[in-house]
Engineer: 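This is the structure I have questions about; it appears just below.
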Amino acid sequence: MSYTIESHEFAARDFIGGDAALDFINTVSGRDQSPRDWIDSYARLLEWATLVRLLPERNLRALTKKMHGEPAAAAPALTRAKELREDLFALVSAIATRNAPPKSALATLREHWLAGTDAHELRFEGGRVIADIRADAADFDLIAALVAYRMVEHVMPQPVDRLRICGGTNCAWVFIDSSKAGRRRWCDMAVCGNVAKAQRFYARSRRRYAAATR
Ligand SMILES: [Zn+2]
């Protein structure tokens, strides 16, 4: 399937996954029909990471500086991040549909997760041990590494029946349903939910019209 790359201004409405790792998967929408990829450059990936607060300010600054200094080296890291993104989608959609994820997806996730773990340090502060992102972590693969880290540490421990794929057409966004009732079906009711409602209404009124003119 070919992805159309679009330049996109990220906003709060794009972060509905319940975790940055899921929001990263959702930087492609419409995987079920005509996929659009909203990460058109490494700079955009950084902008995304800033908005979801994936990493501290100081690491972001170091990465931005590095990107301006060696732009050619950032490109392969962007490709790797996008490969991880597809593996994460395969993983989440398999889990959400009660299937075994592809082994290759787990292997890719593990590789980036280990890098993400390595980007952390353990500090003793206020009587407890805290895992924090190292101040000197500024590898181009850091964003992918931290996404993988979050996926393993925060998303995978969630109850599997709360991992969902939006039921809307041309969407396929993934999210954690943290609602009390556990019946969330849409990425956003105002986006996919209403479209589905309108489609049902349209189908119903068409049936009624057909019946009336029979
Ligand atoms: Zn949706």
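Residues: numbered from 1 along the sequence shown. Counting convention: from 1, in listed order, for ligands and their atoms alike.
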Engineer: Could you tell me whether the side chain of Lys82 and the main chain of Asp37 form a donor-acceptor pair under 3.5 Å?
Structural biologist: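 Here the side-chain-to-backbone pair does not exist.
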
Engineer: Provide the protein N, O or S atoms situated under 2.8 Å from the Zn ion (ligand 1); waters are not included.
Structural biologist: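 Counting only protein N, O or S atoms under 2.8 Å from the Zn ion (ligand 1), the list reads Cys166 SG, Cys171 SG, Cys187 SG, Cys192 SG.
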
Engineer: Can you name the closest pair of heavy atoms from Cys187 and Cys192 and give their distance?
Structural biologist: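 Closest heavy-atom pair between Cys187 and Cys192: SG-SG, 3.8 Å.
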
Engineer: Applying side chain to side chain donor-acceptor pair (under 3.5 Å), which residue pairs with at least one partner in residues 181-192 are found, sequence neighbours left out?
Structural biologist: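 For residues 181-192: none.
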
Engineer: Between Glu83 and Arg80, is there a salt bridge with N-O shorter than 4.0 Å?
Structural biologist: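 Salt bridge absent between Arg80 and Glu83.
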
Engineer: Enumerate the side chain to side chain donor-acceptor pair (under 3.5 Å) contacts for residues 160-181, please, sequence neighbours excluded, ordered by first and then second residue.
Structural biologist: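 Every pair satisfying side chain to side chain donor-acceptor pair (under 3.5 Å) with a residue in residues 160-181: Ser34-Asn170, Arg36-Asn170, Arg164-Asp177, Asp177-Ser179.
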
Engineer: I need the full list of ring-ring contact (aromatic ring centres under 6.0 Å, His included) pairs touching residues 127-172, with sequence neighbours left out, sorted by first then second residue.
Structural biologist: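 For residues 127-172, and leaving out neighbouring residues, the ring-ring contact (aromatic ring centres under 6.0 Å, His included) pairs sorted by first residue read Tyr42-Phe140, His120-Tyr149.
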
